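Here the structure comes first, spelled out in structure tokens, and everything after it is commentary.
These numbers come from a predicted model, not from an experiment. Numbers here are sequence positions counted from 1.
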Amino acid sequence: MAKPADNIAASDFIADAITKDNEVGTYAQRVQTRFPPEPNGYLHIGHAKAITVDFGTAEEFGGLCNVRLDDTNPVAENPEYVESILADIAWLGYQPHTVVHASDYFEQLYQWAEYLVEQGLAYVDDQDTETISAQRGGFGKPGIESPCRDRTVEENLDLLHRMRAGEFDDGACVLRAKIDMQSDNMVMRDPVMYRIRHATHHQTGNNWPIFPTYDWAHGQSDAIEGVTHSLCTLEFDSHRPLYNWFLEHLPLPGDQPRQIEFARLELTYTVTSKRRLAKLVADGVVSGWDDPRMPTLRGLRRRGYPAAAVRDFCRDIGTTRTNSRHNIEELESFVRRELNKTAQRRMVVTRPLRLVIDNWPTDEHGAPEVDWFDVTNNPENPADGTRRVPFSGELFIERDDFAEVPPPKFFRLSIGREVRLRGAYFVTATSVVTNEAGEVTEVHATYDPATRGGDAPDGRKVKSTMHWVSAAHAVDVKVALYNRLFTTPAPGERTGEPLDDLNPDSVELLTDAKGEGVINEVEPGQVVQFERLGYFCADLDEPRLFHRTVGLRDEWAAQQRRAAKAAKNG
């Protein structure tokens with residue numbers, strides 16, 4: 001019997017359910033899942049959770065997982081989305097057993113629809129949409145049976161055939177299941193199975209003027225494929241009785257699949273509604289679906305989120321039966337943890353201030369000498385080796401690393417204060433040059449040659465270590481700094497419209513940053529750590545443009561420590 005791997009927690013209710021099915025031989029100990037996205041947009045972080053559940057569950061039990069494109073709405077779907085979905089799944093690290101489309105089953109679905117009509121379990125309703133909706137009633141309000149409900153089998157079959165032949169206009173009629181208009185579950189009040197849409201489908205062309213609803217296509221597609229466990233998010237909990245009703249009334253080719261629901265993933269400061277994300281793109285709030293501020297997998301990839309970190313995060317939060325909103329800092333902690341192991345270090349000054357070392361030696365021609373230092377690429381991975389970094393008499397430092405009048409507890413460079421330049425020398429600021437507005441444009445300093453490598457032979461200590469870039473060897477870099485796309489943890493909580501809480505200052509582009517020369521060798525999509533600043537990803541298209549992936553500070557870990565301290569103190 002197939003058993004879950006050790007890393008599935010005993011409290012995982014999905015794993016528990018599958019284990020019980022295997023123990024009693026429900027599906028001959030076979031496990032097959034599917035990931036069924038609709039190709040009407042790009043995948044987002046919420047889909048990543050579903051992907052890891054669908055693929056991860058199949059993998060843990062030695063089963064199979066298909067990708068099934070739920071292409072039942074020709075008006076909203078596009079081959080571009082199909083391609084992006086498959087590419088995003090591959091980027092996330094999963095390989096489907098096979099890729100299929102719901103449209104592959106249109107003929108079988110139609111044949112089964114005719115079967116239900118023949119059994120007196122479905123009928124054609126030619127009332128308008130508003131009337132049908134009103135007759136469904138509501139919670140505590142009885143439904144009204146359609147006058148079309150008592151049509152004969154022969155009349156319904158004739159109308160269905162004519163719908164299929166394309167005789168009727170859009171909206172002229174629908175096919176409905178005949179279940180129970182007084183059910184407490186609104187989904188069971190004679191749901192629509194087919195609607196008329198004269199539109200070209202990206203897979204079937206103009207072969208079909210009628211298209212199945214998701215509820216009609218979902219379970220039946222599962223059954224056709226041989227899915228054993230249909231894993232869905234919680235909003236489909238109320239649809240499970242309908243899922244089962246359809247399957248129980250059809251001559252299935254094999255076992256009836258089982259639907260199990262789990263909580264979807266929601267993050268603070270994030271919106272995953274496709275409609276609202278599409279509006280951000282259409283209104284030009286973001287540059288596209290792959291804008292690094294977007295929660296799409298395309299956006300996360302462009303920003304530099306490692307696929308492994310996204311997978312690990314989704315696995316770590318597990319599956320529950322209760323919807324909740326996770327702190328985005330928790331995801332960022334997984335990103336930071338992964339990049340700390342893999343990202344090589346580089347020195348980049350984002351807001352440069354010139355530092356002139358007045359006692360730096362020159363050659364016989366008066367040109368400043370160049371000293372070279374071997375600097376570790378990644379202290380977490382010695383195999384990454386070292387790189388050669390030039391040091392000369394003029395450098396760039398961060399503007400924030402100097403204060404002409406230092407505030408309390410400011411330990412970086414100021415007049416008369418000595419600091420360490422990472423891996424190089426101790427320097428002491430002596431004077432400044434200002435412009436007409438009184439702004440510091442240049443700092444002058446002296447260096448101590450005896451401190452080469454960053455340590456003083458007399459044992460004296462400094463309270464600050466700063467990064468730097470040799471001015472003569474610097475390359476121009478652009479840096480995009482990102483803040484939260486929304487200003488509140490739960491967008492829309494105040495007004496009901498999440499887009500009311502957009503952050504107008506969610507990105508800052510720095511165009512005059514300076515980097516060490518090896519920055520030119522960073523590959524598109526590669527993430528490096530800018531010393532002291534955070535992790536930055538090289539843009540996929542524009543050379544020397546870097547997106548801040550995440551800062552160095554682990555805000556989630558800090559929150560956890562504060563919470564633990566508060567709990568300890570009562």
Next item on the list: Applying salt bridge (Lys or Arg N to Asp or Glu O under 4.0 Å), name anything that partners Asp316, two or more places apart in sequence or on another chain.
Entry: none
Notebook entry, point to check: Mind checking what makes side-chain hydrogen bond (donor to acceptor under 3.5 Å, both in side chains) contact with Gln111, not counting sequence neighbours?
Noted result: Glu107
Note to self: Whether the side chain of Ser183 engages the backbone of Met181 through a donor-acceptor N/O pair (distance < 3.5 Å, no angle test) should be reported.
What the structure shows: no
Checklist line | Glu338 with Arg336: basic N within carboxylate O range, under 4.0 Å | finding: no
Notebook entry, point to check: Say you draw a straight line from OG1 of Thr19 to CZ of Phe13; how long is it, rounded to the nearest 0.5 Å?
Noted result: 13.0 Å
Next item on the list: For Leu234, check side chain to side chain contact (heavy atoms under 4.5 Å, CB included) against everything at least two apart and list the hits.
Entry: Glu261, Ala263, Arg321, Asn323
Next item on the list: Check salt bridge (Lys or Arg N to Asp or Glu O under 4.0 Å) between Asp104 and all other residues, then give those that pass, not counting sequence neighbours.
Entry: none
Check: So Thr131 and Asp128, side-chain hydrogen bond (donor to acceptor under 3.5 Å, both in side chains) or not? Walk me through it.
Finding: CA-CA 5 Å; Thr131 300; Asp128 59 67; 2.9 Å; yes
Next item on the list: Using the salt bridge (charged side-chain N to carboxylate O under 4.0 Å, His left out) rule, collect all pairs that involve residues 220-234, keeping only residues at least two apart or in two chains.
Entry: Arg34-Asp222, Arg68-Asp222, Arg68-Glu225
Check: Do Arg30 and Asn22 have side-chain N/O donor and acceptor atoms under 3.5 Å apart?
Finding: no
Margin query: Run the ring-ring contact (aromatic ring centres under 6.0 Å, His included) test on His249 and Tyr115 for me, step by step, so that the C-alpha distance in whole Å, both residues' side-chain angles and the decisive distance to 0.1 Å come before the verdict.
Written below: CA-CA 9 Å; His249 289 86; Tyr115 176 83; 9.5 Å; no
Distance-only donor-acceptor pairs under 3.5 Å for side chains of residues 272-283, two or more places apart:
from   : atom 1 : to     : atom 2 : distance (Å)
Ser273 : OG     : Arg275 : N      : 3.4
Ser273 : OG     : Arg276 : N      : 3.3
Lys274 : NZ     : Glu38  : O      : 3.3
Lys274 : NZ     : Asn40  : OD1    : 2.5
Arg276 : NE     : Glu497 : OE2    : 3.0
Lys279 : NZ     : Asp283 : OD2    : 2.9

Check: Of Gln32, His218, Arg258, which meets side-chain hydrogen bond (donor to acceptor under 3.5 Å, both in side chains) against Ser230?
Finding: His218
Check: At what distance, to the nearest 0.5 angstrom, does CD of Gln220 lie from CG of Leu109?
Finding: 6.5 Å
Note to self: Arg195: which residues meet the salt bridge (Lys or Arg N to Asp or Glu O under 4.0 Å) condition with it, sequence neighbours left out?
What the structure shows: none
Check: Have Thr204 and Asn207 got a donor and an acceptor in their side chains that come within less than 3.5 Å?
Finding: no
Next item on the list: Quick one: sort the His161 and Tyr110 rings into parallel, tilted or perpendicular, breaks at 30° and 60°.
Entry: tilted
Check: With no hydrogens and no angle check, is any side-chain donor or acceptor of Thr33 less than 3.5 Å from a backbone partner on Asp54?
Finding: yes
Check: Excluding sequence neighbours, so at least two apart, what forms side-chain hydrogen bond (donor to acceptor under 3.5 Å, both in side chains) with Arg136?
Finding: none
Notebook entry, point to check: Could you give the distance from CG (Leu540) to CD (Gln526), rounded to the nearest 0.5 Å?
Noted result: 12.0 Å
Notebook entry, point to check: Got Leu175 and Trp216 here, is their nearest side-chain heavy-atom distance under 4.5 Å?
Noted result: no
For residues 302-313, tabulate all N or O donor-acceptor pairs below 3.5 Å that involve a side-chain atom, not counting sequence neighbours.
from   : atom 1 : to     : atom 2 : distance (Å)
Arg302 : NE     : Asp539 : OD1    : 3.1
Arg302 : NH1    : Asp290 : OD2    : 2.9
Arg302 : NH2    : Asp539 : OD1    : 3.2
Arg302 : NH2    : Asp539 : OD2    : 3.2
Arg302 : NH2    : Asp541 : OD2    : 2.8
Arg303 : NE     : Arg548 : O      : 3.1
Arg303 : NE     : Thr549 : O      : 3.3
Arg303 : NH1    : Pro292 : O      : 3.4
Arg311 : NH1    : Leu92  : O      : 2.7

Margin query: Tell me if a side-chain donor or acceptor on Thr296 pairs with a main-chain N or O of Trp289 at a distance below 3.5 Å.
Written below: yes
Notebook entry, point to check: Heavy atoms, side chains only, cut-off 4.5 Å: are Tyr42 and Glu80 in contact?
Noted result: yes
Item checked: Contacts of type side chain to side chain contact (heavy atoms under 4.5 Å, CB included), residue His202, not counting sequence neighbours -> Pro39, Asp71, Glu77, Pro79, Val82, His101
Item checked: Main-chain N/O of Cys173 paired with Asp126 side-chain donor or acceptor, under 3.5 Å -> no
Notebook entry, point to check: Do the side chains of Met294 and Leu300 get nearer than 4.5 Å, heavy atoms only?
Noted result: no
Check: Counting distance only, does the side-chain N/O of Asp215 pair as donor-acceptor with the main-chain N or O of Leu242 below 3.5 Å?
Finding: no
Item checked: Check: Tyr27 ring centre within less than 6.0 Å of His229 ring centre -> yes
Item checked: Distance-only donor-acceptor check, side chains Asn66 and Thr98, under 3.5 Å -> no
Note to self: The criterion is salt bridge (Lys or Arg N to Asp or Glu O under 4.0 Å); which residues satisfy it with Asp501, sequence neighbours excluded?
What the structure shows: Arg494
Margin query: Assess, by modelled atom type and distance only, whether the side chains of Asp12 and Thr319 contain a donor and an acceptor separated by less than 3.5 Å.
Written below: yes
Next item on the list: Spell out, as yes or no, whether a donor-acceptor pair under 3.5 Å connects the side chain of Ser221 to the backbone of Ala217.
Entry: yes
Margin query: Do Arg484 and Tyr269 form a cation-pi contact, if we require the NZ or CZ to be under 6.0 Å from the six-membered ring centre and within 45 degrees of the ring's axis?
Written below: yes
Check: Which residue, Arg149, Arg176, Arg151, forms the salt bridge (Lys or Arg N to Asp or Glu O under 4.0 Å) with Asp125?
Finding: Arg176
Margin query: Could you check whether any side-chain N or O of Lys178 sits under 3.5 Å from a backbone N or O of Val117, counting only pairs where one atom can act as donor and the other as acceptor?
Written below: no
Next item on the list: Decide whether His239 and Gln259 meet the rule of one side-chain donor and one side-chain acceptor closer than 3.5 Å.
Entry: no
Item checked: His198 side-chain N/O to Phe168 backbone N/O, donor-acceptor pair under 3.5 Å -> yes
Margin query: Salt bridge or not between Asp88 and Arg298? Use side-chain N to carboxylate O under 4.0 Å.
Written below: yes
Next item on the list: Kindly indicate whether the side chain of Phe211, heavy atoms from C-beta on, has any atom under 4.5 Å from the side chain of Tyr194.
Entry: no
Note to self: Would Arg337 and Phe334 count as a cation-pi pair here, with the cationic atom under 6.0 angstrom from the ring centre and within 45° of the axis?
What the structure shows: yes
Check: In terms of the angle between their ring planes, are Tyr214 and Phe236 parallel, tilted or perpendicular, with boundaries placed at 30° and 60°?
Finding: tilted
Check: Is the backbone N or O of Glu155 less than 3.5 Å from a side-chain atom of Thr152, with the two atoms forming a donor-acceptor pair by type?
Finding: yes
Notebook entry, point to check: What pair of heavy atoms forms the shortest contact from Tyr123 to Ala177, and how long is it?
Noted result: CE2-O, 4.0 Å
Check: Hey, does the side chain of Ser133 reach the backbone of Glu130 with a donor-acceptor pair shorter than 3.5 angstrom?
Finding: no
Check: Does the side chain of Gln135 come under 3.5 Å of the side chain of Gln127 through a donor N or O and an acceptor N or O?
Finding: yes
Margin query: Once side chain to side chain contact (heavy atoms under 4.5 Å, CB included) is applied, do any residues pair with Asp158, and if so which ones, sequence neighbours excluded?
Written below: Arg162
Notebook entry, point to check: If we ignore angles and hydrogens, is there a donor and acceptor under 3.5 Å between the side chains of Arg293 and Ser506?
Noted result: yes
